[in-house]
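Take a look at the following structure, please.
Below, chains carry the letters A, B, ... as their sequence lines are ordered, and counting in each starts from 1.
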Number of protein chains: 2
Amino acid sequence: MGTMRTTSVADEVLRAALELFAAQGYANTSVQQIVEAAGVTKGAMYHYFSSKDDLLFAIYERMLSLQKRRLDEITAKGGSAEAVVRAVCEDVVVTSIDFLREGTIFFRSQHMLTTERQKEVKRRRREYHDAFAELVTRGQAEGSFRDDIPVSVLIANFFSDVHYLPHWYSAEGPEDKTEVAEQLTALFLRGIRRSDD
Amino acid sequence: MGTMRTTSVADEVLRAALELFAAQGYANTSVQQIVEAAGVTKGAMYHYFSSKDDLLFAIYERMLSLQKRRLDEITAKGGSAEAVVRAVCEDVVVTSIDFLREGTIFFRSQHMLTTERQKEVKRRRREYHDAFAELVTRGQAEGSFRDDIPVSVLIANFFSDVHYLPHWYSAEGPEDKTEVAEQLTALFLRGIRRSDD
DNA sequence: TGCCACAAACCGACTGGACGGTATGAACCG
DNA sequence: CGGTTCATACCGTCCAGTCGGTTTGTGGCA
C-alpha cells in the first residue's frame, strides 16, 4: 500500500498539471494551483519532481513514448508501404484525439522547457519523423508514391493535420474520431499517391 | 518630423517585441528586454501601449487584417471556385512564410491574451474561416469539389498546413516559398477535388 | 522675432505582489 | 534508528505597471 500511495501522489500531480496546463497554459499555472488541484502539498510534489518544468517534460515523455511505440508496432507488422502508411496515419490521428490535451500543451509550451530538454524532445520527434520518412521513401521506391514533391513537404502535409487537431476537433462535435482519422488519411494518401493527372 | 518620431518609437517597440516573443516566447520576455532591444524606455513604451499583452494583440491585429484583406481581394477578382481556392491557398502560404515569426507567436501565445481579446481574435479568425468555407461550399455546388467528406474536415486539412509552416519551414532550407506554396496547394486540391476513385 | 503657456512625449526609480523553490522537521515504516 | 514521505513556513527574485518629474514641440500674442 505504501507503494500505491507514492505512485498515486505523483499520478495525481501529473493529472492535475495536465488539466491546468491545457486549460490555462503553462506560464499561467502556478505550482500552488497544481498541488491544490491534486490534493497534495508542495513538499510532496517537490519530493517526486525536481521542478515545474519537470512536470511538463513528464507529460511530453509519456506521449512521445506512446506514439513511437505504436509506430514501431505497426511498422513491425509489415506490408506494402502504402498499407503501413495508412495504418500509421489512422492510428496517430485516433491516438492524438485521445490525447488532445497533451497535444495542446505539447505544441504550445515546448519553448518553456530548458534548452537540454527541448533538445531531447526534438531528438525524439526526429526519430519519429525519420521513421515515417523512411516509409514514404520506401513507398516511392515501390512506385506507389509520387516523387515530384520533396519528401519533407509530403511529410509536413500529414504531420500538420495531426498538429492541428487540438485546434478544431471537439469531442462534443459531430465528427467521430475514427471517421476523421479515415478521412484525413484518405486525403493525405490521395495527395501522396502516384497518379497521372 | 515630430510625427515621424512618435510612430517610429511604437514601430521599434513592436519590431523588438516580435523578435523576442518569437525567439524566447511571450512569458519569457520581460518588458525591460523589449524596450532595451528597441532602444527606448519603459515610459515611452507605456505611452503608446497600455500593457504587455497589448503588444501581443497589436502583432496579431496586423496579421489578421493583412490576411483577411488579401482573401477579400482575391475573392473579389472572381472566377471558378477552384481557381479562387487555388489562388487563395497559394497566397496564404506565401504570406505565412513571409510572416513566419508572427505565426510562431500566434499559435503559441494566443492563450496569454485577456479573455476579451482572445474572443476578438477568434472572431476574426472565424471570419476568415467562414469566407473560406463558403468558397469550398461553392466548389461543391459547382461540382468540382467532393462532398463525401465534411467541409470542416476539408478546411482543417488545409489550415493545418498553414498552421504548421513555422514548425518546419526554414528560410535557409532548400525549399523555395513559392514552390512550397504550389506544392501544398496542389496536394490540398488533389485531396478535395471530386474524382472517381 | 522673442516670449510664454500649455500639452504631448518621454524618463527611470520604485513598488507591490506573485511565484518557484527551499529549509526544517514531524510522522511513519522497516 | 536510518531512511522515506511528506507538511509548513519562509526566502529571494523577478517583473508589470506606476508616478512624479523633465524635456521637447507648438501655437498664440505682443
Return the value, rounded to whole Å, for the distance between atom CD of B:Glu36 and atom P of D:dC14.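 Result: 14 Å.
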
With a 6.0 Å cut-off on ring centres, are B:Tyr164 and B:Tyr169 close enough? no

Send over the distance from B:Glu12 CD to C:dA9 P, rounded to a whole Å.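 Taking CD of B:Glu12 and P of C:dA9, I get 18 Å after rounding.
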
Quick one: A:Ile34 CD1 to C:dG21 P, roughly how many Å, whole number? 11 Å

For B:Glu134, is the CD atom crowded, meaning more than 12 foreign heavy atoms sit under 6.0 Å from it? no

For a quick test of reading the model: is some side-chain N or O of A:Tyr46 closer than 4.0 Å to OP1 or OP2 of C:dA23? no

Base of D:dA7, side chain of A:Lys42 - is there a donor-acceptor contact under 3.5 Å?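 Checked by distance alone, the answer is no.
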
Taking for each residue the nucleotide of DNA chain C bearing the nearest heavy atom, is the 5' side occupied by A:Gln32 or by B:Gly39?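 It is B:Gly39, whose closest nucleotide lies nearer the 5' terminus.
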
Scan A:Lys52 against the nucleic acid and name what it touches under 4.0 Å (heavy atoms): base, sugar-phosphate only, or nothing.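 Sugar-phosphate contact only - A:Lys52 comes under 4.0 Å of backbone atoms but never of a base.
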
If only side-chain N and O atoms count, and only distance matters, is there a donor-acceptor pair under 3.5 Å linking A:Ser30 with A:Gln32? no

Here the distance between atom C1' of C:dA18 and atom CD of A:Gln33, to the nearest Å, is 11 Å

Measure the distance from CG on B:Asp53 to P on D:dC15 and round it to the nearest whole Å. 17 Å

Please report the distance, rounded to the nearest Å, between CZ in A:Phe49 and P in C:dT22. 16 Å

Measure the distance from CG on A:Leu55 to C1' on C:dG20 and round it to the nearest whole Å.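 Distance check: A:Leu55 CG to C:dG20 C1' gives 12 Å.
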
Using whole Å, what does the distance between atom P of nucleotide D:dT18 and atom CE of B:Met45 come to?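 Atom CE in B:Met45 sits about 10 Å away from atom P in D:dT18.
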
Step by step, would you call B:Arg117 with B:Glu120 a salt bridge (Lys or Arg N to Asp or Glu O under 4.0 Å)? CA-CA 5 Å; B:Arg117 288 193 149 154; B:Glu120 171 68 6; over 6 Å; no

Hey, do the aromatic rings of A:Phe107 and B:Phe107 have their centres closer than 6.0 Å?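 Aromatic pair excluded; centres sit 6.0 Å or further apart.
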
At 4.0 Å (heavy atoms only), tell me whether A:Ser50 reaches a base, stays on the sugar-phosphate, or touches nothing. nothing

Looking at the side chain of A:Thr41, which of C:dG12, D:dA7, C:dA9 is the nearest nucleotide?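 Taking heavy atoms from C-beta onward, the closest nucleotide is D:dA7.
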
Along DNA chain C (nearest heavy atom to each residue), the more 5'-positioned of A:Val31 and A:Gly43: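 By nearest-heavy-atom nucleotide position, the 5'-most residue is A:Val31.
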
Hey, is the side chain of A:His47 poking within less than 4.0 Å of OP1 or OP2 on D:dT5, counting only N and O atoms? yes

Testing C:dC10, D:dC6, C:dA13 for proximity to the side chain of B:Val9, the answer is C:dC10

